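Numbers here simply count residues along the sequence, with the first being 1. The model shown is predicted, which means the values in this text are computed figures rather than measured ones.
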Amino acid sequence: MRSTVHWIFAAGLGLAAWGGATTAQAQQTTLRGTVADSATGRPLSGVHVRVLNHAGGTTADELGYFQLGTLPAGTYTVRAGGLGYATRNQTVTLLAGQPATVALRLPTAPLALAEVTVAQPRDPNQTLAVISHIDKLLRPVNSAQDLLPLVPGLVIAQHAGGGKAEQIFIRGFDVDHGTDFNVSIDGLPVNMVSHAHGQGYADFHFVIPETVDQLRVYKGPYTARFGDFATAGAGEFTTKTRLEQSQVKVELGQFATRRAVALVNLLPVNGHLLGTGPENAYVAAEYSFTNAYFDAKQHFRRFNGLAKYTGQLSDRTSLMLLASRFNSRWDASGQVPERAIREGLISRFGSIDPTEGGSTGRTNATAVLTTDLPHAAVLRQQVYYSRYDFNLFSNFTFFLRNPVDGDQIRQTDGRHVYGYTGTYERSFQLGSRTLRTTAGLGTRLDDIDVALRNSVRRTVTDTIVTGRVYEQNLNGYLDATLSLTDRLTLNAALRADYFRFRFREDRVDSLSGRAGKTRVSPKLNLYYDVTPAVQLFVRSGFGFHSNDARAVVTNPGANVLPRAIGYEVGSTFKPVPALVVNTALWALHLQDELVYVGDEGVVESAGRTRRFGLDVAARYQLTRSLFADVDLNFNHGRLVGEPRTANRIPLAPTFTSVGGLTLRRPGGFSASLRYRHIDSRPANEDNSVRARGYFLLDAVVSYTRRRFQVGATVENLLNVAWNQAQFDTTTRLRNEAVPVQELHFTPGTPFYAKLNASVLF
């Protein structure tokens, strides 16, 4: 651990020294500024800012800050505007060699898609920047389970109780719980390496939905900032820097559902705590309970707490501090076999082993220090720590191995996660062109106690494997974006990752060991702005996902960091002013499809795979108050080197779609009718067992005034009988003579209504 701390300290000093040691450029005039809500003073992120009559522009970051680079001395007009806010111009005079700042204040305005521009000069690799920002304003979010599906094309399925991570489907992947999709919140990694229940396990339930401010989506392995698990893509969430209003909210619903949320600003507008500049601080807490819709009551309980501070400590330094605590406990019904329902042994919402369930908890702490350096450079350093606990009882095969007591297992995971991320951003003038560069260094250390044991009705009977995992990732990257012309932008990057694995089995020395592996991942992307309403792009890159440390050290032939190669072509465009469309034709080749087998604690290699597909996302403003959206995702995937009769990728979706209509009236009334669909697909390699598709309708209605809000939500409006998680599994029921291989599933939510009321202050 001491060597890790020294490495982190040296990395931070190295980045700062690089910033100070860079040869000074000729005197240049830098224009910086802030954007905020004119009524509340809340910083506005994602707002587009540009200088009139000059090419390019930028977007404000999560603190509302922006930087427009270098300009000759003179008088300029700066324009800022964003969805839900009126456009404003401000005149500023720049003097040679003297950096200037401008404070822009935007009033709210009716949402108008005609104001949207499709170019994203500050972060061109964001797959759906414009679409994600529209969705943030239009798509209703009622629970932590609604957050990940904000990613266009992403579908989730829950199984083994509401307290564990959902199964994720995106771009033709059954991602399991996160093996091929990287998730983070405020720079904190969500995915867990070498987890007891699955590699890349991403439990997002520690996030309070009402605190989430922004989502950035990066599909494919094209962005150097993301390393492990970012093969199908990455979702980067941020929480609010300041609440628009403090709020107390209560929800009541069927199945004994109740939820209470409190969000409170701790500082008044223009209040101060640590510095003299703008500062914001708030706390949030959430308590949830439900028995769910299963025959055996779920007794699900969850508590979330969050405290966040952001502030400008000086003219050149800002600080973000965040701490959160989460814990939950639940009982579960698990997957059920079709034959048990068909033969009348259980109902559709019954269970074979009603003693399944578990508990989990997570404590997070992070600090981000951002410093403006000379020559328009920015140094951002983040440290984070997480304490995580996981305890799950599950039974996948019932009485297959133990005909008397059953096959229940207990998986436990207790870990400490330490991390550091540092980035140094600087722009250079190459003649009349601007080169924007970002260099990053980081490390993450997971210190894990992990175990797999047999149990009977939650009583442990013996141990399968138990030990200590020590896994560290060291990484660095260099990312450069160059405006080749006023319309053509090149983005190139190179990332390097080194992993150290160590596993010490508590009882069997032959199962212990250590290993190391390096992976280098280049990226190359091109963007061409045909007009402010049409952007074309070509993206390509290498990525990877890591193997479980236990599999790496016990199997010398294991593929440690299977490589992914991805590429795509597409466009974001507006065929008419009120319609925004994103299309992408993509392909991804994976060196090794790793599948975690939870009941045995091992990783199986499915071999090489290839996928290609088409993504289409559209957002359309039908009238001043009515909006329509649709996401269509077509995917085709196959195992490479296998016969055509056995080359299907189990559970890989071939077509998914979500969409709906949203009404937003000026008087505070809003309503949304939404659908979600996934088609039937192979559940095994030879397509002899198929997972069943579904089409569901959900509805949300709310009425908001200055001091209160009331609303209602209905899931599965038509009360469709549908399957969530589905697997082709070989199982034996009690007293069955021989095992049976067939579809097993977790039943989806039936008609489910909830009411909510909030007091705003």
Side-chain angles (χ1 to χ4, degrees), residues 25 27-109 111-124 126 129-130 133 214 241-242 270 277-278 312 315-316 318 370 372-378 425-429 432-436 481 483 486-487 489 529 531-533 535:
Q25 292 177 297
Q27 281 194 346
Q28 299 169 339
T29 301
T30 303
L31 179 58
R32 298 172 176 165
T34 60
V35 187
D37 186 298
S38 61
T40 66
R42 182 175 63 91
L44 299 178
S45 61
V47 170
H48 186 74
V49 186
R50 67 186 183 96
V51 176
L52 294 185
N53 301 319
H54 282 71
T58 189
T59 52
D61 65 14
E62 60 267 21
L63 297 177
Y65 297 126
F66 67 87
Q67 180 173 302
L68 284 168
T70 57
L71 293 166
T75 299
Y76 300 91
T77 300
V78 180
R79 172 172 290 180
L83 284 172
Y85 286 90
T87 299
R88 285 293 182 265
N89 295 339
Q90 188 160 327
T91 300
V92 59
T93 299
L94 304 182
L95 302 178
Q98 297 185 20
T101 60
V102 58
L104 299 164
R105 299 294 179 262
L106 305 184
T108 58
L111 189 62
L113 299 193
E115 300 295 325
V116 171
T117 57
V118 301
Q120 294 295 319
R122 188 171 180 269
D123 190 3
Q126 251 192 92
V130 174
H133 198 53
Q214 195 171 25
T241 56
R242 178 180 173 83
N270 300 321
Q312 185 88 15
D315 289 342
R316 292 187 170 274
S318 63
T370 304
D372 290 346
L373 300 174
H375 314 299
V378 178
E425 300 179 25
R426 183 172 175 184
S427 295
F428 299 88
Q429 289 301 122
S432 61
R433 298 298 163 192
T434 300
L435 175 66
R436 298 191 302 275
T481 302
S483 300
D486 289 346
R487 296 184 177 184
T489 300
D529 296 327
T531 70
Q535 183 186 70

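Pairing each heavy atom of T34 with each of R105, the nearest pair is OG1-NH1, 3.7 Å. Of all non-hydrogen atoms in R88 and P107, the two that sit nearest each other are NH2-CG, 3.3 Å. Closest of all the heavy-atom pairs between L104 and A80 is CD1-CB, 3.6 Å. The nearest pair of heavy atoms linking S318 to Q312 is CB-OE1, 4.1 Å.
Residues passing the side-chain contact (heavy atoms from CB on, under 4.5 Å) test with R79 are R50, L52, T87, N89, sequence neighbours excluded.
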*Start with the C-alpha distance between D37 and R242, add both sets of side-chain angles, then the distance that settles salt bridge (Lys or Arg N to Asp or Glu O under 4.0 Å), and finish with yes or no.*
CA-CA 11 Å; D37 186 298; R242 178 180 173 83; over 6 Å; no
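V378 places none of its side-chain heavy atoms less than 4.5 Å from the side chain of L373. Looking at L106 and S38, their side chains never come closer than 4.5 Å, going by heavy atoms from C-beta outward. At a threshold of 4.5 Å between non-hydrogen side-chain atoms, the residues Y85 and V35 do not count as touching. At a threshold of 4.5 Å between non-hydrogen side-chain atoms, the residues V49 and V78 count as touching.
Rounded to the nearest 0.5 Å, atoms CZ (R487) and CD (Q535) are 12.5 Å apart. Here the CZ-OG1 distance, from R436 to T481, works out to 5.0 Å after rounding to the nearest 0.5 Å. For the atom pair OG1 (T93) and OH (Y76), the distance works out to 10.0 Å, reported to the nearest 0.5 Å. Atom OG1 of T489 sits about 6.0 Å away from atom CG of D529, to the nearest 0.5 Å. Rounded to the nearest 0.5 Å, atoms OG1 (T75) and CG (L94) are 7.5 Å apart.
Judged by distance alone, the side chains of T434 and Q429 do bring a donor and an acceptor atom under 3.5 Å apart.
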